[in-house]
2 protein chains.
Amino acid sequence: MARRRRSSQRVTMGEVAQLADVSPSTVSLYMRRPDEVSPRRAEKIQSAIDRLGYLPNTMAGGLASSRSNVIGVIVPTITNSFFSATLETLERHLRSAGYQLLIGNTEFDESREEELIRSVMSWNPAGLVLTGFLHSRKSLSLLANSDTPIVEMWDYGRPGLDMVVGFSHHASGRLVAEHMLGRGYRRTAFISTNFQRDVRAGDRYLGFRETIEAAGGRVVLRQLSGRSDTAETGRLLGELIAENPGIEAICCSNDMVALGVMFECQRQGWPIPDRLAVAGFGNQDFTASTVPPMTSVEPPRQEIGRHVARLLMARLRDGTTPQEGNLDLGVELVVREST
Amino acid sequence: MARRRRSSQRVTMGEVAQLADVSPSTVSLYMRRPDEVSPRRAEKIQSAIDRLGYLPNTMAGGLASSRSNVIGVIVPTITNSFFSATLETLERHLRSAGYQLLIGNTEFDESREEELIRSVMSWNPAGLVLTGFLHSRKSLSLLANSDTPIVEMWDYGRPGLDMVVGFSHHASGRLVAEHMLGRGYRRTAFISTNFQRDVRAGDRYLGFRETIEAAGGRVVLRQLSGRSDTAETGRLLGELIAENPGIEAICCSNDMVALGVMFECQRQGWPIPDRLAVAGFGNQDFTASTVPPMTSVEPPRQEIGRHVARLLMARLRDGTTPQEGNLDLGVELVVREST
DNA sequence: GGTAAAAATCGCAGCGCTACGATAGCTAGC
DNA sequence: GCTAGCTATCGTAGCGCTGCGATTTTTACC
C-alpha cells in the first residue's frame, strides 16, 4: 500500500511547459489568454495538460496576481428556501463567470458574522455579499479598511455600505395589510418567527401594523420562540384565539407559519377565510395547493441573486457601479382564497 | 474620491513584525502555535496585530505550507432541506476546527459535478465530500490521482471511493412497505420526484416495490417531471386514482410530495387514511402538524454532517480512518395517523 | 559562576504562479 | 535584401507566507 504520496497536487505548470517544450510563461499565458499563443503551441500545451492531468494551483495564482476569484457570501442560514434559492441563482451566475462562492452561515448570530467576515476577507475576495444592514461595529471596521466591493441583499431602504439589492420588508407588510383592509378585516393578528432571529420579519410586522392601525384596526402580535415550527404555531394560535375571539385575520411572517395556522384551523374546524383569513410570506410552491390556496407575498428570491451577480460583475469588470447600485426589486402579493 | 487604493489587503506579516519589534518568523509562529512564543512577545505581537488590523493572507499561507484549510462539499442542490441541514451541521463542526467549506451545487447534473470537482481540487483541499456514489468516469480519474480524503455521503451499500457516511435508501423503502403491509395495504402506488434528478428516490422505490411485491401486492409508479411540485402532484394523483381506483396507499418519495397528495385528497374529499393512506420521507417539521399527522421516514440529516466531520477530522489529524469508515446511520419510521 | 540542555527567536529558501520588460520571430513594404 | 513594426515567446523578480536549520537567550543544575 502506497505510504502517503507526496501531495495531492503534484504536476506543476513547469512540468507541463517541459513536456510541451515551451517556457512556463507561455503555459501561464495559455491558461489565462489562450488566444494570445500561437495555435501550434496551444495545441502542444493542451495535449501536455491532458496527458499529465494538470490542474492549476489556485492559491499560487491568487497569491501571484493578488486577486482571487472568490466571492464571499454570508447569509443567516442556508436552511431556508429564501436564501438558498438566492444562493443557487447567485452561484450559477457567478460560477459561469469564473468565480467561486465561499458561503458562510451566521445562524442569526452577530458575532458569528464578524468571525465569518474575517475568515472570508483573509481570502482576499473579489467581492462580498452580506444579508441585510445589521452588522456589528467590528464587522464594519473590518470592512471599512478594504476596498472590496460589497453588496447587501434581501433588504432595502436604509443606507448601505456600498451596493444594495433587495426589497422593503416594511412595504411587504403594508401590502398585506392593505389587502386585508380591503377585504374588510380590522381585527387582526401577526404570528411570527422570533424577531431576534429575523429582523426582517420585524420590519414586515411594523409595516403591517402601522397600516392596519392607521385604518383604525388592531393587531395582536405573537412570536414563536425560534424558527418556524408548525406544532408551536398551532399552540400559539389556539391561545391567541382563546384570548382574542374576535380576531378575523392572521398575517404570518412566512409560509411555514401560515401552514401551521391553516392546519390548526382545520383541526379546530374553523373555516378559512370565513372564520379566519390567513396570509403568508414567501409564496413557496405549496401555497398554491393548500386547501384553500394560500394568499402570500412573493419575494424576488432569484432576482436578488441575478442582480447581485450583475452588479458585482459590473464593478469587477470596469470598476464602475451601474447607476442603480441601490436596487429595490419590490414584491408582489399573490391573492388566493385564504383571505 | 480616492482612486483605487492599493489592494484590499495591505498590511503584511512583515509590518506586524516590524511594529512588534520581532522577526516575521516569530509572528508566523505566533499565528500558528501561539504557546510557543514567550508571553512578552506574544503580547506585543497581538497588540501590533490589533493596531494594524492585520489579517493573514490565506492564499500565501496555503501556498507556502502546501496545505489548505478548505474542504470541498458537493451536493446536488442546497435548495433542499435534506442537504442544507447536513451542510449546516457539517459547516458548524468543521469551522470550529478551523476549516472552510467550499460548497458546490451540481443541480443534479453529472457534468457539472465534474467541473466542480476540478474547481475544488484546484484549491488543493484538505478533504472532499461528495453526495452519493454516482460519479462520471472523468470525475473518478480526477480523484484517483489524488490522496485527498474523500467522504461520500447520503447513501450506503455500495463500495465507496474512500469513506462513506449515509444510510440505505433501499432499506428506507422497505421499511415503509413493511409498515403498509402490516396495516393490510396491498394495492399501492409510489409517487416520486424524477429519478433522473434523484437516483436515491429510485432506490427507495425499489426497496418499497420489492417488499410489497414479495408479499403479493402491487405498486403503481408515477414520477413528477422535475422537483417536488404540489400542483403537479395533485394532478398526478387525480389521474392515478382515476385509472386505478382500487389503490389503498401511497408512498411518496418525500414529504413535499406527500403534502401535495394530502391536499389533493382533502380537495377530493377522500378521507386519510380510510380511503387512502399516505406516507412521506424526510420527516420535515410540518409532518407532525398536517391533518391527519403524516407518517414519514426520518433520515439522519444532522448525524450525517456530524459523522462526516468526525471521520474527516480523524483522517486529517492522524492520517487514520476509524474502523467504521463506512457508516450506515439507518433511518427511523415515524408512524402517525396518515397510514 | 560555569556549562549543558532546553526554549525562544531568527534568516533564508522556497511554495507555484503571474506580471512585465526583454528578446526572438515574422510580415510587409520598398 | 533590409528594416520597421508587429506578434509570439521567454526570463526574472516577486506575491506573503511557512518550514527548517542555525543562532541566540533562558533555565537548571552542579
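In what follows, chains carry the letters A, B, and so on, assigned in the order in which the sequence lines appear, proteins first and then strands, with residues in each chain numbered from 1.
Residues from residues 28-45 of chain B with heavy atoms under 4.0 angstrom of DNA chain C, sorted by number: Leu29(B), Val37(B), Ser38(B), Arg41(B).
Around the CD atom of Gln196(A), the shell of radius 6.0 Å holds no more than 12 heavy atoms that belong to other residues, nucleotides or ligands.
Distance Trp123(A) CH2 to dC15(D) C1': 16 Å, rounded to the nearest Å. Atom CG of Asn69(B) is separated from atom C1' of dT18(D) by 14 Å (rounded to the nearest Å). Protein atom CE of Met59(A) is 24 Å distant from nucleotide atom P of dG14(D), rounded to whole Å. Regarding Glu15(A), its CD atom lies at a distance of 14 Å from the C1' atom of dC17(C), rounded to whole Å.
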Requested in this report: Walk me through it: do His135(B) and Glu114(B) pass the test side chain to side chain donor-acceptor pair (under 3.5 Å)?
Outcome: CA-CA 8 Å; His135(B) 316 295; Glu114(B) 202 171 297; over 6 Å; no

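The nucleotide whose nearest atom lies closest to any side-chain atom of Thr12(A) is, among dG16(D), dG16(C), dT18(D), dG16(C).
The aromatic rings of Phe83(A) and Trp154(A) lie perpendicular to each other, with more than 60° between the two planes, well past the 30° mark. Aromatic ring orientation, Trp123(A) versus Trp123(B): perpendicular (interplanar angle above 60°, classes split at 30° and 60°).
Formation of a donor-acceptor pair under 3.5 Å by the Thr106(B) side chain with backbone atoms of Arg112(B) is not found in this model.
When the nearest nucleotides of DNA chain C are assigned to Asp21(B) and Gly61(A) by heavy-atom distance, the more 5′-ward of the two goes with Asp21(B).
Between Glu88(B) and Arg301(B) there is no salt bridge, since no side-chain N of the basic residue sits under 4.0 Å from a carboxylate O of the acidic one. The existence of a salt bridge linking Glu91(A) and Arg306(A) is excluded, since no basic side-chain nitrogen approaches an acidic carboxylate oxygen closer than 4.0 Å.
Checked options Ile49(B), Asp50(B), Thr26(B); the residue passing with Val16(B) is Ile49(B) (criterion: side-chain contact (heavy atoms from CB on, under 4.5 Å)).
Taking only side-chain nitrogens and oxygens, Tyr54(A) comes nearer than 4.0 Å to OP1 or OP2 of dC17(C).
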Nucleotide N/O to protein N/O under 3.5 Å, stretch nucleotides 11-15 of chain C:
residue: dG11(C); atom: N7; partner: Ser25(B); partner atom: OG; Å: 2.8
residue: dG11(C); atom: O6; partner: Ser25(B); partner atom: OG; Å: 2.9
residue: dC15(C); atom: O2; partner: Ala64(B); partner atom: N; Å: 3.2

